Structures are given as C-alpha cells and as structure tokens.
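Just so you know, ligand 1 is whichever comes first in the structure, and atom 1 is the first atom listed for that ligand. Because the structure is predicted, anything quoted here is derived from the model rather than measured.
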Amino acid sequence: MATASLRIDLDAVRANWRALDAMTTSATESGAVVKADSYGLGGAQVARLLARAGCRKFFVAVAEEGAAIRQALGEGPEIFVFSGHMAGDTEMIGDLGLIPMLNSVEQVTRHLEALPGAPFGVQLDTGMNRLGMEAAEWQAVAPMLLGANPKLIMSHLACSDEPDHPMNAQQLAAFRAMTDGIAVPRSLSATGGILLGPDYHFDVTRPGIGMYGGAPFTKAAPVVTLSLPVIQIRDVAAGETVGYGNTWTAEQECRIATVAAGYADGVTRHLSNAAMLYHGATHCPMRGRVSMDLITADVTHLTEVPKSLDLICPHQGIDVLADIAGTIGYEILTSLGPRYSRHYTGGPA
Ligand SMILES: *Cc1c(COP(=O)(O)O)cnc(C)c1O
C-alpha cells in the first residue's frame with residue numbers, strides 16, 4: 001500500500017487540553033476550537049474526545065463546521081460560530097442550535113429578525129480589524145443586545161504569540177473598556193492568550209493549536225506522526241542528480257529512498273533539500289525537490305532497508321517543519337492531505 005499513514009494521538013490532545021485548562025483557575029471554563037476539521041486532525045474525533053474529557057463549549061469558523069460537530073456531539077454542548085450569522089445560515093443555526101458570534105449590526109439585525117429568542121454571542125473588534133463590532137457600533141446596539149441575553153462576548157488577540165508585544169495590553173484594555181460591568185461571560189484568549197496569564201483569561205478560553213501540539217504552547221505533547229511508505233530504493237553514483245530540476249547532485253555514491261507523499265498531500269515544496277525524514281531517531285536528509293506525490297531522501301547511512309520514513313515525529317515536529325518552510329505549525333497541520341490514512345490512538349477514558 002502506498003498511502004502514507006497519519007497517526008493522531010488522542011491521549012496527547014486530551015493531555016494538552018487539560019494542561020491548558022490547568023493554567024486557568026476554576027472560575028475560567030476551557031472551551032476548544034475545532035474549526036477546519038480540528039486543524040486537519042478530524043473534527044468529530046477530537047470533539048467527541050474533548051466532550052468526554054468535560055469540554056462543553058466548542059468553537060468553529062463557519063456554520064457548516066458547526067453542523068458537523070453537532071452531528072458528532074449530539075445535543076448538549078454549545079457550539080459557537082466565529083463567522084456569525086451569514087445569509088443562508090439561518091436554518092442550520094436554528095435547527096442545530098448553533099450559537100453565532102454576531103460580528104456586525106447587519107448580522108445582529110439578521111439574527112434577531114430570523115430567529116428571535118435564539119441564542120447568540122457577540123464578537124468585538126479590539127484592534128485586529130478582522131472580525132467583530134467596533135466600539136462605536138457596539139455602543140449603539142449594546143443596550144438592545146444585552147437585553148436579549150447574549151451567551152458570550154468575545155474578542156481575539158492579534159499578537160498573543162509574542163508575550164512582550166504592546167498590542168496585547170492595548171487589546172486587553174480595549175476589551176475591558178467595552179465589556180467591564182456587563183454580566184455576560186467573556187472570552188479573549190486562544191492558546192497564546194492563555195499563556196499570557198490570568199489577566200487575559202476571563203470566563204471562557206478558546207485554545208486551538210496548543211491542544212494539537214503546536215507553538216506557542218511549547219510544552220505541548222506532540223500529537224501527530226506522519227509515516228511515508230518507501231516505494232523504491234536505488235543507488236546513485238557520484239555526479240548524478242536527483243529529482244525535478246536537478247537541484248541536488250550526489251558528491252559521492254549514495255542510496256536514495258523514494259517515499260509516497262508530496263505537495264499534493266500538503267508537503268510544501270519549500271521543504272525541498274531542507275527537511276529531514278526519520279528512520280527512528282536517525283535523520284535522512286531530503287534530496288532534490290518535493291514533487292506532487294513523491295519525496296526522495298538519502299538513506300546511505302542506514303543499516304537496514306526502511307519500510308517507511310517519518311516526516312512528522314518527535315524529532316521533527318510541526319513547528320520545526322514550519323520553520324524550515326517559512327510558515328507556522330497551524331498551516332502544516334491544516335495542509336495535511338486527504339490521501340493519508342488517518343489512525344487514532346488512545347482516546348476514550
Ligand atoms: C482559531 C481561533 C482560535 C484558536 O486559536 P489558537 O491560536 O489555535 O489557540 C481562537 N479564537 C479565534 C477567534 C480563532 O479564530
């Protein structure tokens with residue numbers, strides 16, 4: 001079989017969620033962000049695991065994701081939709097009891113007219129200029145909205161992965177100015193904000209990447225292992241080249257393994273001639289360009305013929321790969337392709 005195997009350690013996801021939860025007091029409830037199919041790791045599997053671990057608040061980007069999570073979880077847990085109430089979402093929101101985080105006066109009007117009495121939350125912009133009502137808009141609709149009993153008021157930090165960035169305190173002050181004294185649960189922090197400390201925790205947190213084993217939660221347990229089957233091994237003579245564009249030339253005789261994954265599986269070409277594959281703890285440098293379905297790596301120094309090589313493993317985690325590729329762990333995870341066979345370990349407790 002030439003499909004690569006993606007192992008997802010559900011015990012590690014749960015341990016990471018609990019570790020982040022333990023950083024806040026019991027006055028703060030830990031939610032979980034399961035948007036984008038739980039960052040590519042399996043929306044339903046992760047959501048069910050966390051629900052069993054005690055999570056009662058789930059966050060998704062769009063209503064369709066909320067529908068899938070509702071199907072996985074059944075009735076009970078709250079599912080908040082960051083993009084709010086978009087035209088065409090009314091039926092899904094109403095039938096499945098999703099909670100739109102209303103982002104604008106337009107969305108407020110749509111929600112209250114289409115689904116009077118249905119739950120909703122409010123998203124405020126505190127400086128990121130991405131989603132949410134700004135101070136003036138909020139001031140205009142706050143009296144009316146607060147009368148309709150919002151479930152949650154939230155905003156989002158732009159620079160929480162840089163603890164010393166002045167934007168953090170600035171956004172905290174803006175959030176407080178807009179919400180202090182209001183008797184509605186408040187949420188400001190994703191993973192980065194949780195690490196900033198108690199001032200940022202409020203009533204509900206929204207961790208995502210930390211649960212999935214990524215920075216800025218550097219103490220996270222690794223969640224993902226990606227093993228790529230070896231299809232062929234060949235000897236390459238000194239002076240010969242490997243791969244498209246002849247970007248790598250053998251200086252001496254060597255052995256090259258060809259493994260089954262490529263940029264069609266989310267392995268970006270930026271890793272070409274730069275990242276490693278691993279045989280256990282032994283690294284095998286990528287040689288030549290990553291192609292659509294194949295990667296080539298140097299296995300000259302291995303004492304046995306490997307059946308597979310790991311691209312993501314404890315020796316080369318998602319943040320190491322991200323650094324090499326000039327991106328972030330989030331993008332490495334959400335790029336993991338549909339061709340991988342996904343295997344879950346751990347889980348129900
Ligand atoms: C994605 C997202 C989160 C989760 O962020 P992480 O950095 O992955 O913890 C929380 N809140 C909002 C609004 C988001 O878009």
Side-chain angles (χ1 to χ4, degrees), residues 12-13 16-21 23-24 28-41 43 46-47 50 55 57-63 65-66 69 78-84 86 98-104 107 121-133 151-163 165 167-168 171-172 174-175 179 185-197 200-221 223-224 317-319 322 327-336:
V13 175
N16 290 335
W17 183 74
R18 286 187 174 150
L20 291 164
D21 180 54
M23 291 177 194
T24 64
T28 300
E29 179 180 350
S30 295
V33 177
V34 293
K35 63 189 179 190
D37 198 29
S38 293
Y39 293 33
L41 302 185
V46 169
L50 295 172
C55 182
K57 288 181 165 55
F58 293 84
F59 295 87
V60 295
V62 296
E65 293 176 346
I69 297 298
E78 293 179 305
I79 301 171
F80 298 88
V81 181
F82 290 141
S83 61
M86 296 288 287
L98 308 180
I99 305 177
M101 300 305 297
L102 304 180
N103 287 301
S104 63
Q107 288 201 351
V122 176
Q123 187 157 194
L124 301 177
D125 183 71
T126 50
M128 190 175 181
N129 285 311
R130 191 179 68 166
L131 276 182
M133 286 183 255
K151 292 276 189 193
L152 187 69
I153 300 184
M154 65 166 272
S155 188
H156 192 52
L157 298 169
C159 304
S160 68
D161 57 340
E162 298 175 57
H165 202 295
M167 185 67 163
N168 294 319
Q171 286 192 268
L172 176 62
F175 190 56
T179 60
R186 293 187 286 181
S187 177
L188 181 61
S189 286
T191 302
I194 295 169
L195 301 172
L196 293 179
Y200 289 83
H201 293 167
F202 293 93
D203 303 294
V204 177
T205 57
R206 310 185 308 269
I209 192 71
M211 298 190 299
Y212 306 115
F217 185 25
T218 47
K219 295 202 178 90
V223 168
V224 173
I318 57 172
D319 292 305
T327 182
I328 52 178
Y330 301 71
E331 192 176 359
I332 298 289
L333 286 183
T334 55
S335 302
L336 294 168

Could you list which atoms of ligand 1 come closer than 4.0 Å to a heavy atom of [X]?
| X | result |
| --- | --- |
| Y39 | 1 (C), 4 (C), 5 (O), 6 (P), 8 (O) |
| P207 | 9 (O) |
| R130 | 15 (O) |
| M154 | 13 (C) |

Any idea which protein heavy atom is nearest [atom], and the distance to it?
| atom | result |
| --- | --- |
| atom 15 (O) of ligand 1 | K35 NZ, 2.7 Å |
| atom 9 (O) of ligand 1 | T191 OG1, 2.6 Å |
| atom 11 (N) of ligand 1 | R206 NE, 3.0 Å |
| atom 5 (O) of ligand 1 | A190 CB, 3.2 Å |

Does only the side chain of H156 get under 4.0 Å from ligand 1, or the backbone, or both, or neither? Count heavy atoms.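 Side chain only.
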One residue to check: I209. Relative to ligand 1, which of side chain, backbone, both or neither has a non-hydrogen atom less than 4.0 Å away?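 For I209, backbone and side-chain atoms both sit under 4.0 Å from ligand 1.
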Answer yes or no: does atom CE of M86 have more than 12 heavy-atom neighbours from other residues, nucleotides or ligands under 6.0 Å?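 Open: at most 12 neighbouring heavy atoms sit under 6.0 Å from CE of M86.
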Spacing of NZ belonging to K57 relative to CG belonging to L152, to within rounding of 0.5 Å: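 If we round to the nearest 0.5 Å, K57:NZ and L152:CG are 7.5 Å apart.
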Does [Y] offer a backbone N or O that forms a donor-acceptor pair with the side chain of [X] under 3.5 Å?
| X | Y | value |
| --- | --- | --- |
| Q123 | P100 | no |
| E65 | A36 | yes |
| N168 | G193 | no |
| Q171 | A158 | yes |

Polar contact flag for F82 and ligand 1 (N/O pairs, less than 3.5 Å):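 In this structure, F82 places no N or O atom under 3.5 Å from an N or O of ligand 1.
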Beyond-backbone contact of L157 with M128, side-chain heavy atoms, under 4.5 angstrom: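 No, every pair of side-chain atoms sits at 4.5 Å or beyond.
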Does at least one non-hydrogen atom of Y330 fall below 4.0 angstrom from an atom of ligand 1?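 The answer is yes, since Y330 has a heavy atom less than 4.0 Å from ligand 1.
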Can you label the angle between the Y212 ring and the Y39 ring as parallel, tilted or perpendicular, going by 30° and 60°?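 If you compare the ring of Y212 with that of Y39, the planes turn out tilted.
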